Amino acid sequence: MLPRPKKRLGQHFLTDRHYLERIVAEIDPKPGEAMIEIGPGPGALTERLARFVTPLHVVEIDRELASALRARFAPEAVVVHEGDALAFDLASLPEGLRVVGNLPYNVSTPLLFHVASFAPRIRDCVFMLQKEVVDRMVAEPGTPDYGRLSVMLQYRFAMSLAFGVPPGAFTPPPKVDSAVVRMAPLSEGRPAARDEALFAQIVMAAFTQRRKTLRNAARALVDDEAFRRAGIDPGRRGETLGVAEFIALADACRPG
Ligand code: SAM
């Protein structure tokens with residue numbers, strides 16, 4: 001029997017077998033892989049992944065669910081980390097880590113940023129999220145969904161929408177459509193900003209006031225000379241800039 005879902009923890013349990021199998025097929029788990037599942041809940045995905053991957057690490061914030069998982073799986077098969085995935089140190093697990101899960105939708109954006117901060121150690125991620133968030137992750141410049149999340153994740157990952165999942169696949173059904181997204185870290189040789197903190201600040205400024213021109217939105221960070229050096233018209237809006245152009249702008253502020 002399913003435990004009573006706690007709304008504040010974003011608990012919508014995937015109960016449709018067809019979609020459970022499709023997610024497992026998308027993950028394609030293999031023996032010997034290092035894998036962590038975020039938000040295992042009652043363990044429907046966990047059980048299927050643990051048939052292949054030993055040990056499977058899981059991080060679950062709900063104490064009752066964590067202890068039910070400990071009771072159900074042998075400790076050498078599933079290692080249950082009870083706690084907040086937002087504070088979990090993914091660097092404590094082996095490199096080449098695969099990160100998967102049906103994420104709690106109430107904290108999906110901070111979780112994506114947290115996971116992204118470990119990108120160099122990660123082989124790939126397969127996540128289920130609100131479809132609306134996945135649309136923002138994969139959005140192209142100049143489209144309405146394109147924003148800070150798109151730029152900051154596309155800076156580190158190649159991402160693709162795998163397939164959509166309807167609300168009826170969950171118990172209880174969420175109010176929104178869901179989708180499975182695959183994220184693969186870009187290679188070490190990818191274009192990178194010299195000052196990543198500045199890059200992040202410029203992206204933040206560009207999208208906090210997305211209707212403003214870059215000259216106005218990023219005034220405190222980028223001067224006219226830097227726009228000129230980067231070859232970017234300050235009369236453009238941030239939402240029209242691709243990742244490479246944001247990198248060029250940040251680098252033009254710190255000519256090396
Ligand atoms: N994987 C299960 C499934 O597909 O049925 C449950 C998915 S449910 C959408 C999200 C799960 O994440 C819940 O079990 C919830 O308790 C857990 N959770 C919520 N916030 C969390 C956090 N900050 N850290 C770790 N787990 C969290």
Side-chain angles (χ1 to χ4, degrees), residues 1-29 35-53 55-73 77-93 97-118 122 125-134 137 162-183:
M1 226 185 49
L2 278 178
R4 224 168 111 110
K6 301 185 179 85
K7 214 172 163 190
R8 75 189 156 78
L9 294 178
Q11 291 182 350
H12 295 278
F13 303 127
L14 187 61
T15 40
D16 184 306
R17 278 189 191 186
H18 164 74
Y19 285 104
L20 279 163
E21 297 304 341
R22 265 186 91 175
I23 293 179
V24 174
E26 183 62 36
I27 297 170
D28 191 19
M35 187 178 287
I36 182 161
E37 182 190 0
I38 297 178
L45 207 50
T46 316
E47 183 205 333
R48 287 166 170 81
L49 296 172
R51 287 179 202 156
F52 300 91
V53 176
L56 174 71
H57 291 264
V58 302
V59 53
E60 172 59 60
I61 202 168
D62 184 321
R63 181 181 299 184
E64 284 168 49
L65 291 179
S67 68
L69 290 166
R70 278 201 197 95
R72 176 169 166 193
F73 297 103
V78 176
V79 181
V80 180
H81 304 269
E82 184 184 320
D84 188 346
L86 285 168
F88 188 82
D89 180 12
L90 293 175
S92 65
L93 299 179
L97 184 65
R98 308 193 68 198
V99 190
V100 304
N102 171 13
L103 298 187
Y105 294 177
N106 52 335
V107 287
S108 53
T109 305
L111 260 175
L112 288 168
F113 277 96
H114 179 68
V115 171
S117 69
F118 295 94
I122 291 174
C125 310
V126 177
F127 291 142
M128 176 131 69
L129 291 157
Q130 302 98 302
K131 168 84 167 46
E132 171 257 327
V133 172
V134 175
M137 293 163 73
F163 54 88
V165 183
F170 301 84
T171 309
K175 291 199 175 68
V176 294
D177 281 329
S178 301
V180 174
V181 65
R182 170 178 288 281
M183 305 168 61

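Because the structure is predicted, anything quoted here is derived from the model rather than measured. Numbering of ligands and ligand atoms starts at 1, following listing order. We count residues from 1, following the sequence as given.
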Answer yes when R4 and E64 have at least one side-chain N-carboxylate O distance shorter than 4.0 Å, and no when they do not.
no
Geometric N/O contact F13 with ligand 1, under 3.5 angstrom
no
Give the single entry among D62, I61, L129 that approaches atom 27 (C) of ligand 1 most closely by any heavy atom.
I61
If you measure from each heavy atom of A44 to ligand 1, is any distance below 4.0 Å?
no
Quick check: does L14 get an N/O under 3.5 Å from an N/O on ligand 1?
yes
Got a sec: does the CZ of R17 have more than 12 other heavy atoms crowding it under 6.0 Å?
no
Enumerate, atom names and distances included, each donor-acceptor pair closer than 3.5 Å involving a side-chain atom of residues 163-177, sequence neighbours excluded.
{"from": "T171", "atom 1": "OG1", "to": "T15", "atom 2": "OG1", "distance (Å)": "2.7"}

Could you tell me whether some N/O pair between P104 and ligand 1 is separated by less than 3.5 angstrom?
no
Kindly identify the option in K6, E37, E60 whose heavy atom sits closest to atom 17 (C) of ligand 1.
E60
Between N102 and ligand 1, is there a nitrogen or oxygen pair with a distance under 3.5 Å?
yes
Do R22 and E26 meet the salt-bridge criterion of a basic N to acidic O distance under 4.0 Å?
no
Hey, does L86 sit under 4.0 Å from ligand 1 if you only count heavy atoms?
no
So does E132 get a backbone contact from the side chain of Q130, meaning a donor-acceptor N/O pair under 3.5 Å?
no
Please verify whether a non-hydrogen atom of G10 lies at under 4.0 Å from ligand 1.
yes
Tell me whether H12 contacts the main-chain N or O of Y105 through its side chain, where contact means a donor paired with an acceptor under 3.5 Å.
no
Where does V59 meet ligand 1, judged by heavy-atom distances below 4.0 Å: at the side chain, the backbone, both, or neither?
backbone
My understanding is that we take every heavy atom of each candidate and find the minimum distance to atom 6 (C) of ligand 1. Doing that for A66, G39, S108, G83, which one comes out nearest?
G39
For L103, state whether at least one heavy atom is located under 4.0 Å from any atom of ligand 1.
yes
Run the numbers for me: atoms of ligand 1, each under 4.0 Å from some heavy atom of Q11, listed by number.
13 (C), 15 (C), 16 (O)
Do any N/O atoms on H12 end up under 3.5 angstrom from N/O atoms on ligand 1?
no
Is L45 near ligand 1, meaning one of its heavy atoms is under 4.0 Å from it?
no
Residues that R48 engages under side-chain hydrogen bond (donor to acceptor under 3.5 Å, both in side chains), provided they are two or more places apart
E21
Please check this pair: side chain of R72 against backbone of P42, looking for a donor-acceptor N/O pair closer than 3.5 Å.
yes
